[in-house]
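In what follows, every chain begins at residue 1, and chains take the letters A, B, ... in the order their sequences are listed. Here the structure is a predicted model, which is why all the values come from computation and not from measurement.
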Amino acid sequence: LKQDLKQKIISAYESAAPNERERVVAACEATRQEPAPKKPEKARGFSLMKLVAVMSCLVLFGIGILVGHLIPAPTPDRTAQTRVFLDVNPSIVLTLDEDDRVLTCTAENDDGKEILEGLELEGVALKTSLNAIVGALHVNGYLTVDDSSMLVSVENASEKRTSEFLTEITAEVNKIFASSEIECAIIAQAVIGSKELAEKAKANGISVGKMRFLEKVVDAFEHFTSDDITSLAALSIRDLTLLYAQREDVGTDGDEIVSGSVSATVGKEEAVERVLIALGRSENEVLLNLSYVGLSTQHAFKVVNVVVLMFFGDTELSVYEVDCVTGEITAREAA
Amino acid sequence: MGALYDLIRTDVFAYALSKTKSKHDADDITQDTFVQIFRYAKSYVPKGKPMAWIVTIELNLIRKRFRQQERIDPFEVELEKKPDPTDLAAEVVGNAFLKELLMTLSEREREVVALRVVWGLKHREIARALGSPLATVLSQYNRAVQKLKRTVKEKQL
C-alpha cells in the first residue's frame, strides 16, 4: 500500500472520529458507582408457559419418530466420483457423479461463500457450473490483471479419467476466459486425496488442491522447506504461479497442465540486470551472485526476485528485492 | 483512561465505522468500548497483544448492537442493504475520500483495511482476530487496496 493512500485512510478516519474524551472518561467513572449486577432470581413455582413448551416439544418429537418410521429415508443413488478444486483466492470444491454432474458445491473460505451466493449448481453439468463460477468470480472482481491465475485440481480414482478431466476443464475454462476477454493463467493438477493432505490443508486454512500445489512449490525450490508452508499458504494463486514458473526444472509432470502465461514479467536474470543498471555497475564487477526467487521481507507475503550480489572489493553482500511484475527495486539491509 | 482514549480513539472509531457504516452507531460503540475496557481492565490476562483483546471487546459490542437493532448478523452474512448515499455524505461531510471508502469497499474489506492501516495489526493478527484464513485476509486486503487506488485515480481524490 502506497504511503500516501495509507495516510489518506488514517487522516480520513482521524477527521471523522469524535473527540469526546471528557464524556468517555465520565462514563467510565460512572461505572465505578454502579452496583455489581445481580444474578437474576430463578423463577419459582409452576409456570404454565414452561409446561406448554415442554408438551409441544414432546408432541413434535413423537411426530418426528412416526414420520421417520413411515417414510423411509431416500437412498442416494449417486455417489461422488470426482472432486474438482477451484482456487483463485476464493476456494470452491465441486463433487461430481459419474455423469459429471455436480453433487455438491461448497466454499472452502469466506471469499468462496461470496462467489457461491445465489448459485444453485446441484445436478448441473460440470461445464455449465464452471461457466457460472468463473462468471461470478469475474463479476466479483477476481480474475483481473492483479489476480490473474487459477488453480484447478482434480481428484479421481482413475488416472486416465483424471488426465481427461484436466484437459477438459482447462479447455473449458480457457474458452470462458476467451469469451469474457479475461487474460488468465491456469495451472491444472491431479491430486491424490489422503487424510494427511486433508489435515495439512485444514491446518493452513486452504483447500486440498492449494495444499498439494504448495507441496510441489516446496519440492521445486531448494531454499524452501516444509517449515515455509505456512508462509506460502498466505500467497495468492497468482504469486504462487509466479514463483512456480521460476523453478529450475520447468518441465511439467504428466499430471499437470499449465495454460496461459504464468512466467514473471521480470525474471531472475533481468532482475540482476536492473539492479546493476540502478547501481551503475557492470556484470564484470560482480564477484558473487546468489540471487534467487523468494518471499519479500519488505512487503507482506509477496514473491520477489531477491538479488544478492557481492562486488569485487566489497566485504558485504548487497541485497535487493525486485518486483516480479513491475521490476521495482527495493534495497534490503546488508546480509 | 483519558490517555488511552487519546491514543486509540481513532482506531476504535474506525473499526466501528467500518462495520456499521453509521457514524452515530460508531460514536456510541466507541464510547461503550472504552467503558468496557475500563470495567474489565483488572480482569485482563495478558495473552498476546492487548489490541487484539480490545478488538474482541469491540466486536462483541458491535454484535450486540446488531442484535438489538434486529439486523442481520454482519458476521454471518454480508449486509446487502446499502446506506442512503445522501445520509452517508451528510455524516462524513467534508470527507469525500472516507465516503468513497465506505461506499466502495465491502464490509469485510473495510474491516480488514481499518485493522491493518489504522490499528497497525499484522495480517496474521487480523486473521486470528477475525477467525479467517490468512490467505483470505490478504486477498481481501489486496482487493480493497486495488479498489481504493482505482477510486482515488478515477475520482481524483
Over-ring placement of Arg143(B) relative to Tyr142(A), 6.0 Å and 45° cut-offs: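 Yes - Arg143(B) lies over the ring of Tyr142(A), closer than 6.0 Å to its centre and within 45° of its axis.
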Taking every non-hydrogen pair under 4.5 Å, which of [options] racks up the most with chain B?
options                                    : answer
Leu235(A), Asn140(A), Asn204(A), Ile206(A) : Asn140(A)
Thr230(A), Val25(A), Val24(A)              : Val24(A)
Gly205(A), Ala234(A), Cys28(A)             : Cys28(A)

Side chains of Ile54(B) and Asp11(B), heavy atoms from C-beta outward: is any pair under 4.5 Å?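 Contact flag for Ile54(B)/Asp11(B) side chains = no.
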Heavy-atom check, side chain of Tyr15(B) versus side chain of Ile62(B), under 4.5 Å: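 Contact flag for Tyr15(B)/Ile62(B) side chains = yes.
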Salt-bridge contact Glu125(B)-Arg128(B) (side-chain N to carboxylate O under 4.0 Å):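 Salt bridge absent between Glu125(B) and Arg128(B).
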Indicate yes or no: does Lys64(B) engage Asp32(B) in a salt bridge with an N to O separation below 4.0 Å.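 So Lys64(B) does not pair with Asp32(B) through a salt bridge.
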For Lys202(A) and Glu199(A), run salt bridge (Lys or Arg N to Asp or Glu O under 4.0 Å): C-alpha distance rounded to whole Å, both residues' side-chain angles, the deciding distance at 0.1 Å, then the answer. CA-CA 5 Å; Lys202(A) 196 177 172 193; Glu199(A) 278 171 1; over 6 Å; no
Using non-hydrogen atoms and a 4.5 Å limit, figure out which bit of [X] sits close to chain A: side chain, backbone, both or neither.
X         : result
Val113(B) : side chain
Val152(B) : side chain
Tyr5(B)   : side chain

Contact residues of residues 105-114 of chain A (partner chain B; heavy-atom separation under 4.5 angstrom):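 Listed by number, the contacting residues are Asn109(A), Asp110(A), Asp111(A), Glu114(A).
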Give the C-alpha distance, both sets of side-chain angles, the deciding distance and a yes or no for side-chain contact (heavy atoms from CB on, under 4.5 Å) between Ile9(A) and Leu148(B). CA-CA 10 Å; Ile9(A) 295 169; Leu148(B) 286 177; 3.8 Å; yes
Partners meeting ring pair (Phe, Tyr, Trp, His ring centres under 6.0 Å) with Phe38(B) (sequence neighbours left out):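 Here no residue qualifies.
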Please identify, among Asn142(B), Thr30(B), Val35(B), Ile37(B), the residue contributing the most non-hydrogen atom pairs under 4.5 Å to chain A.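 Ranked by contacts with chain A, first place is Val35(B).
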Looking at chain A, which one of Leu4(B), Asp6(B), Leu134(B), Asp27(B) has the largest number of heavy-atom pairs inside 4.5 Å, strictly under?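 So the answer, after comparing Leu4(B), Asp6(B), Leu134(B), Asp27(B), is Asp6(B).
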Listed partners of Thr136(B) passing side-chain hydrogen bond (donor to acceptor under 3.5 Å, both in side chains), at least two apart: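 With sequence neighbours excluded, Thr136(B) shows a side-chain hydrogen bond (donor to acceptor under 3.5 Å, both in side chains) to no residue whatsoever.
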Tell me every residue that passes side chain to side chain contact (heavy atoms under 4.5 Å, CB included) with Thr104(B), counting only those two or more places apart in sequence or in another chain.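 For Thr104(B), the residues satisfying side chain to side chain contact (heavy atoms under 4.5 Å, CB included) (neighbours in sequence not counted) are Glu100(B), Lys147(B), Thr151(B).
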